[in-house]
Every structure is written in structure tokens, then in C-alpha cells.
Number of protein chains: 4
Amino acid sequence: MEAKDGIAKQAGGRGRTFTEEARRAQIVGAAIEVLADAGYAKATFSRIAKQAGLSSTGMISYHFSGKDDLMREVAAEVLRVAEAYMLPRIQAESSYSGRLRAYIESNVALLEVHPKHLPALAEVMTNQRGDTPTVKDFVHVMEATMNEQAERIRLAQRDGAFREFDPMVMTAAIRGAIDFVVTQASRLPGFDATTYGRELADLFDRATRRTP
Amino acid sequence: MEAKDGIAKQAGGRGRTFTEEARRAQIVGAAIEVLADAGYAKATFSRIAKQAGLSSTGMISYHFSGKDDLMREVAAEVLRVAEAYMLPRIQAESSYSGRLRAYIESNVALLEVHPKHLPALAEVMTNQRGDTPTVKDFVHVMEATMNEQAERIRLAQRDGAFREFDPMVMTAAIRGAIDFVVTQASRLPGFDATTYGRELADLFDRATRRTP
Amino acid sequence: MEAKDGIAKQAGGRGRTFTEEARRAQIVGAAIEVLADAGYAKATFSRIAKQAGLSSTGMISYHFSGKDDLMREVAAEVLRVAEAYMLPRIQAESSYSGRLRAYIESNVALLEVHPKHLPALAEVMTNQRGDTPTVKDFVHVMEATMNEQAERIRLAQRDGAFREFDPMVMTAAIRGAIDFVVTQASRLPGFDATTYGRELADLFDRATRRTP
Amino acid sequence: MEAKDGIAKQAGGRGRTFTEEARRAQIVGAAIEVLADAGYAKATFSRIAKQAGLSSTGMISYHFSGKDDLMREVAAEVLRVAEAYMLPRIQAESSYSGRLRAYIESNVALLEVHPKHLPALAEVMTNQRGDTPTVKDFVHVMEATMNEQAERIRLAQRDGAFREFDPMVMTAAIRGAIDFVVTQASRLPGFDATTYGRELADLFDRATRRTP
DNA sequence: GATGAATGAGCATTCATTCAT
DNA sequence: CATGAATGAATGCTCATTCAT
């Protein structure tokens, strides 16, 4: 799950004091926790405030312009963390297939490093319909990201590294396969991120590879 | 009228009049519509009643013992429809790979035949945490289904039809890839179920196939 | 708890068929049961219908003109039963103190013969405020009954059988003492109506008796 | 904001601001008023809010964790007031019979000082079946109080101050006689608490006294 | 900056009652 | 006579948000 620069930048911009930024981060962290543990429906300001150790929900409304502003910040934070973890690992690879593998494995590995982050994002993205203006452009970011990935696949196909197939379908399948394990990992008893990531990467390696 | 102390409404079997069954079907249909269009959070009795052309929400409470009873019925209805459509198509195939392809293609095809059904089910399954007793066993059904599929994959591997890989990871990837298109199909502009299904089936055919 | 003739008569008057009367009796019986077991607040048409083995609440509305009509009938039935049990036992006594004792003892004894009747009546009388027109005159009946008792006490005092005290206070105390055991009997573990009735009669015998 | 997942409101002790305490008292006062005037069934949040001059029922839910929390507070308030009034008057007496008289007279006198309090408590105790957890222990308090009174009676009998009789029956009769006047006082036209209390105390003095 | 208090719309649900069949 | 179906007002309660301090 990669982040577009544009989004990540907006948060943490100028005009906020240090304490304010700290409070916001604290609230966002609590929101991630609650979203992952209890789901979007039960991620009320009440619960989030409680999780954050705050005495009132007014506090949250004071720091965020509304619920979808908070959710937007949650998404931004997760994307920031994901990018910081995944990007170096992907860029360390030089081959197309190596980068695909690194993308999948590092994404799954995130479930172990920050177990609550991706599930929280999944809750937000699933439940926020395009109706709220703030989250609207988030959908665009995700779409743009997927288009980019499809484009990179196209390059790999042109260079003969990948076989011929519909790049968007492949991108969606990868996204879906990862999203599924994101939501299910906590339920799977003996879940091991490293093994799972490797298996999943193998799977898509087979699916994209030219047959010899 | 709740099961607790009201006059019991027996689930399934006889005991329901024709009109009652018709009303229930009408309400379930409206619920599917609303779930698909507006998401679980906004699928309130109010909205569903309005969609169904009913004057009050009391009507729904009259026919269903509660919200999760309704949701349960929604899930049951979708599964019924899905099974009716997919099963014959799967059973028509005799080879392991043929059945896998039929499973994927018929599942995706359902998005064209009943565009609201699978999205509605996805909303219910995503948002109903294991907390509601009625939906709890639905999760078990889904888990059982996935275990079954993994078992069939194992057989295919033993018979040498599929290569060696972790059956559960493959099952999860297939489920995830399909779920993703279920939730995204309505957003994709030129989405064509037949093409998409074939591409996705190709993908997993490659991923499971023994390399020659 | 004695009944004024006027009330008891109204129910069971002409104009009702045999089956209708039977249905009404069945419903009243169920209502008494539910009132005693679950209290007035939970004595809904739903529960009463279920207790009576009826399939719908409409049935009750069909036979009674409303909830307070049903409650009125419940009260009338209890008064009828109480009168039938108590009156002969009271009239068998010739002395003032004997009649007082018979009144108290037979009233308490009713808790053993018909354990649900008096508690049901207590629920109705406690919760029906004077606002409903049908129950309004019931209150008058009770008041009249108490006035009568006070009058009889006055006669006993005039005849020198009882000492001097305020007859209304005594009447109220007797009523209250009995009502209390009516509502509490089911909670008292080793409650024995005969012993309790004798003790209570002793108590009021002492309270009314001339000191030698 | 429920205790379950909301921000906990600690009962009693510190943690409540002055304004909050004032609002709670105001709401409890309004509830007492409505309970006494309209009865438990009609003591809805709506009515109580209206009586308190509040614009919405949400206000009540904000300050109390639920209906039985409010009812519990009502009961606690009444008991507090009753104890403050009655205890000094009882303790001022040194003889057994003096204390019994003081108990009865001060209890009845409360109907004049706070005419709505005891009726409100009666409504709560009558209509709250043991089912609500919060009020459950209130019943225990009442039972314990009655057991205490019975014990004191036993002491008086051992010391030869009272004649022999069943202490629990006497306790129940006293309780019932007082409860009755609590519920009926408002209906009695020329009710005078002082006279009534004295008469009732006389009655039970006779009932308990050793015959010379 | 921060907070407790208040608000009011919205939620699922229950209820007595009505009515066509 | 009986009933299943429908109705809509009312209930307790939760929620995000606002605002004076």
C-alpha cells in the first residue's frame, strides 16, 4: 500500500503547534487501535477518546474538523507508515519480478510490524463511501496508485519480463489478495507473516512469469 | 416482536403465510439494494423501509426479530442465489482446473446477473463482527467453505493436477481477488464481467498449473 | 378483599355467546398469570396472548375494547373469586372480633388457594391511575368497601366490642398489612399462609381489643 | 454514554463537577415529581425532561447511564432524605416502644415534609422487579432493613418490653400499613399526617405491648 | 488550548390498536 | 368469529457536534 506524496504532505503542515500535533497523533493512534479492534461501526468518538485516555469527545472535535477529517488523518498516517516501510524494500530490488515480490512481501510483513495499521485502513476505506468530500480524493489516490502499478506492469510486459495479461486485473487481484489477509490475519490462528508473504509472492510470481 | 417474549416466529419451514413470505422477500430485496448502494452504516431500517415503499420501520421489526435477523436473511438469500447460479456451472466441469475456472468465472458473472447481491453480502460480512449471535455461524459457514476449497486443492495436488503451494494461501488469494472486484466493479467504468472473469481465471490457472 | 355486587354483575351479562365467554375467561386467566409473574409493565398483549396460547394479539383486542377493559375484567374476576372464598367464612362468624379474624385469615389463605389472583389485582390497582374511565369506578368500589369496613368497626366500638381508635386508620392498616404480604409472599422462602394469617389476625385482634 | 463502552462516569465520590451534580439533582427531583404524580409507567424520559425544563431526553441519558441508573438515584435520594429526617427522631427515644412510635410517626410525617418522595420510592420499588441489576441490591437493602427491625423487636421481646409474637409478621405489617398510607395519602381528602401517624403508632403500640 | 455540558437528530424496537379478509 | 398484517406513535438510547467558559 503505497502513498501518493500529495496526501502525506498535507498533514503535519505548518500552522500547528507542537502540543497540538502531539495531541492529534495521540488521537490518530487511538483511532487506529479502535478501528482495528472494534471495526468502523464501533469506532465512535467516545471509544476513541477513551482509548486515548481523554476525558471528553469534545477534545477530538476540537482537533479535527469532523469524523471524516479524523478518518482522513488515520488513512494518511497508515499510508505514511506503509510507505516508509515498503518503499526502501521495493527500491532495493532491480528486477520487475523482484520488485513485485518485495511489494507483496513487505506489505504482508507490515501486519507483523504494525498489526493495527492496515486493518484500520481497511475499515476506513471499506466504510467511507465517496460521499464525504475529504475522503473522496483518497479514493483517487488509491486509484492513481493502482493505475501506476498497472503501468509498471505494462512496462514489464513490454520488456518481456512478464507474460501477457490484463494489467488492471492483475493489480486488482494482488490488491484483493493482500486486503483479504489484512482483514483475516487476526483470525487465523498460526498466522506467520513471512511465510504467508513468501507464498503469496510465489503465487503472483507464477501468475505473471513468462512460461519458459 | 422478539423471540424472547413475543409470539415466536419460526424460521424457515411452515408457519409463514404467503403474504408474510412475500413481505419478507420484499424487505430483504430492499435491504440488499440499500446495502449495495449506501453501505452497511447507512442501511438503517428507515432507509430500507423507504426503499421498500413501506410507511414505517415498525413493519420491518414486525417481520424480522431484529436487525441481525434481517442481515442474516440477506446473507442467506445471497448465498442461495449464488449457489443456484454457480453450482451447476462448476459441476458441469470435470477437470480440477476446469472447476476452478468455472468457480471464478461464474462468481464474477454473478455481478452482472445480480449486481447488488454480492456487494450487499460483502457489506454484511465485513461489518458484522463475530459479536452478533445470528451472523456468527455464517462466519463458520464461510470458513468451512474455504476449508473445503483448500481440501479440493489438496486433492488436485495429490493427483498432480496442480503444482505444490499452500492451499490455504491460494484459497484466500482467490477469495480476496474476487471480493475486491465485487466491491469495486460498480466504480470501474468499462467493467465487463465476462472478460474480467476470464482474465482472473487465467491468472489463477497460471498460478496453480504445473509448469511443463 | 371483598367485592361490591355492582361490579361483579356487569361481567358475564347477556349478549355474549358461550364461546365468546370462554375465550374471555381464557384471556383473563392468562392475564392474571402474566400480571402475577411478570408485573404490570410486562403484561403486554403479546405476552398475554402467548400465555393463553393465542397466535395473535388481535384476538385480545377483538374480545376486549382495550387494555383497561381487560384489566377491569381481571379485577372483576379476582374480586369474584375472593368474594366466593371469603364471604362464607366471614359470615360463619357471629362476633365482631371473629369476623375480623375470619376476614384477615381467609384473605391471606387465598394466597394459597389462588396464588396468582391477589398479586395480579395488586398489580392492576397499583398501576392503574384514576385516569382511565373504566378503572375509575373500581377505585370507588374499593373506597366504598373500606368505608363499609370502617362503619362496621364503628358499630363494634359502639357496642363496646372494640376499643376506641380511628376506624379509617385501622381499616387502612389492615388493608396495607395484607397487601404487603400479597406482594411479598412469593419472595418469602418458607411462607405458610395459615400461620401467617393467624399471626396477622392476632396482631389486629390485639390492636382492636378492649384492654381488660 | 453507557458504562459499557463510553467514558465511565464514576458513581459517587469525586469526579463530578458542581454543575453536573446540580443537573443530576435537578433531574432526580423532576423524576420524583413525575413518579409521584403520574406513576412509574408514565415516568418516561420525555416527561421527566419536560418536568425538569430540559429540551431533550438526551440530556438525561447524558447524565445517567440508563433508566435504572436514574431510578436507583431516585431511590438513593429518597432513602437519604428519609434517613436524615427519621433517624434523629428515632434515636432521641430510649425505650423500645418510644422508638417504634418515633419510627412510625416520623415516617408518616415525611409525607407532609416531602409529599412526593415516599410515593416516588413506592413506585420504583413496586415496579422494578429484581431483573434490573442496579435496583437488585436495593431490594437487598430493604430486606436487610426489615431483618434488622425484626431483630430489634426480638431484643425488645427478650427484655420483656414487647409481648410474644412473630417479629417478621409484625415488621411486615408495620411496613405494609405505612406503605398503604404512602400511596393513598394524596387521595384522602382531610389527611393530616400528625394525627394519622399518632393513630398508627397507637395501633402498633397496642399490638406489641404486653398485656398488663 | 482545553473542557464539560448541552443539543437534537437519528437509531432499533415495542406497543396497543385497526382492518380487510 | 377469528386472524394475520399493518400502523405509527412512543420508548430508551447513542452519536457527532457546538459552545461558553
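The figures here come from the full heavy-atom set of this structure, side chains too, leaving out hydrogens, waters and symmetry mates. Protein chains get the first letters and strands the later ones, always in sequence-line order, with residue 1 at the start of each.
Put simply, the side chain of C/Glu123 gets close to the backbone of C/Tyr40: a donor and an acceptor are under 3.5 Å apart. Checking side-chain atoms of A/Gln26 against main-chain N and O of A/Ala52 turns up a donor-acceptor pair under 3.5 Å.
For the pairing with C/Asp37, the salt bridge (Lys or Arg N to Asp or Glu O under 4.0 Å) check across C/Lys42, C/Lys116, C/Arg47 returns one residue only, C/Lys116.
Distance D/Glu21 CD to E/dA6 P: 13 Å, rounded to the nearest Å. Between B/Lys42 atom NZ and E/dA9 atom C1' the separation is 14 Å, expressed in whole Å. Between A/Ile60 atom CD1 and F/dA16 atom P the separation is 9 Å, expressed in whole Å. Regarding A/Gln26, its CD atom lies at a distance of 10 Å from the P atom of E/dA2, rounded to whole Å. When rounded to the nearest whole Å, the span between CG of C/Asn127 and P of E/dA16 equals 13 Å. In this structure, OH of D/Tyr40 is placed 13 Å from P of F/dT11, rounded to the nearest angstrom. Taking atom CZ of residue A/Phe64 and atom P of nucleotide E/dA2, one finds them 12 Å apart after rounding to whole Å.
Residue whose closest nucleotide on DNA chain E sits further toward the 5' end, between A/Thr19 and D/Thr19: A/Thr19.
Between A/Glu77 and A/Arg80 there is a salt bridge, with a side-chain nitrogen of the basic residue lying less than 4.0 Å from a carboxylate oxygen of the acidic one. The pair B/Asp137-B/Arg72 counts as a salt bridge, with a side-chain nitrogen and a carboxylate oxygen less than 4.0 angstrom apart.
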Could you walk me through whether C/Leu79 and C/Leu121 satisfy the side-chain contact (heavy atoms from CB on, under 4.5 Å) test, starting with their C-alpha distance in whole Å, then the side-chain angles of each, then the deciding distance to 0.1 Å, before giving a yes or no?
CA-CA 8 Å; C/Leu79 292 189; C/Leu121 180 61; 3.9 Å; yes
The test is side-chain contact (heavy atoms from CB on, under 4.5 Å); show your working for A/Glu21 and A/Phe18 and say whether it passes.
CA-CA 5 Å; A/Glu21 211 55 69; A/Phe18 169 73; 5.6 Å; no
In sequence, state the C-alpha distance, the side-chain angles, and the governing distance for D/Asn127 and C/Asn127, and then conclude on side-chain contact (heavy atoms from CB on, under 4.5 Å).
CA-CA 9 Å; D/Asn127 286 286; C/Asn127 287 285; 2.8 Å; yes
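When the side-chain nitrogen and oxygen atoms of C/His63 are compared with OP1 and OP2 of F/dC1, none of them lie within a distance under 4.0 Å. Taking only side-chain nitrogens and oxygens, C/Arg23 never comes nearer than 4.0 Å to OP1 or OP2 of F/dC1.
Both the sub-6.0 Å distance and the 45° axial angle are satisfied by B/Arg24 relative to the ring of B/Phe64.
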Taking N or O atoms only and anything under 3.5 Å, show me the protein contacts with nucleotides 17-21 of chain F, one pair per line.
{"from": "F/dT17", "atom 1": "OP2", "to": "A/Lys67", "atom 2": "N", "distance (Å)": "3.0"}
{"from": "F/dT17", "atom 1": "O4", "to": "A/Thr57", "atom 2": "OG1", "distance (Å)": "3.3"}

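Rounded to the nearest 0.5 Å, atoms OH (B/Tyr62) and CG (B/Leu54) are 13.5 Å apart.
Listed in residue order, the members of residues 46-56 of chain B having a heavy atom less than 4.0 Å from DNA chain F are B/Ser55, B/Ser56.
Taking all atoms of both residues into account, the shortest heavy-atom contact from B/Ile60 to B/Ala49 is CD1-N, 3.8 Å.
For the strand DNA chain E, secondary-structure stems (runs of at least three Watson-Crick or G-U pairs, all distances below 3.5 Å) span E:2-21 with F:2-21.
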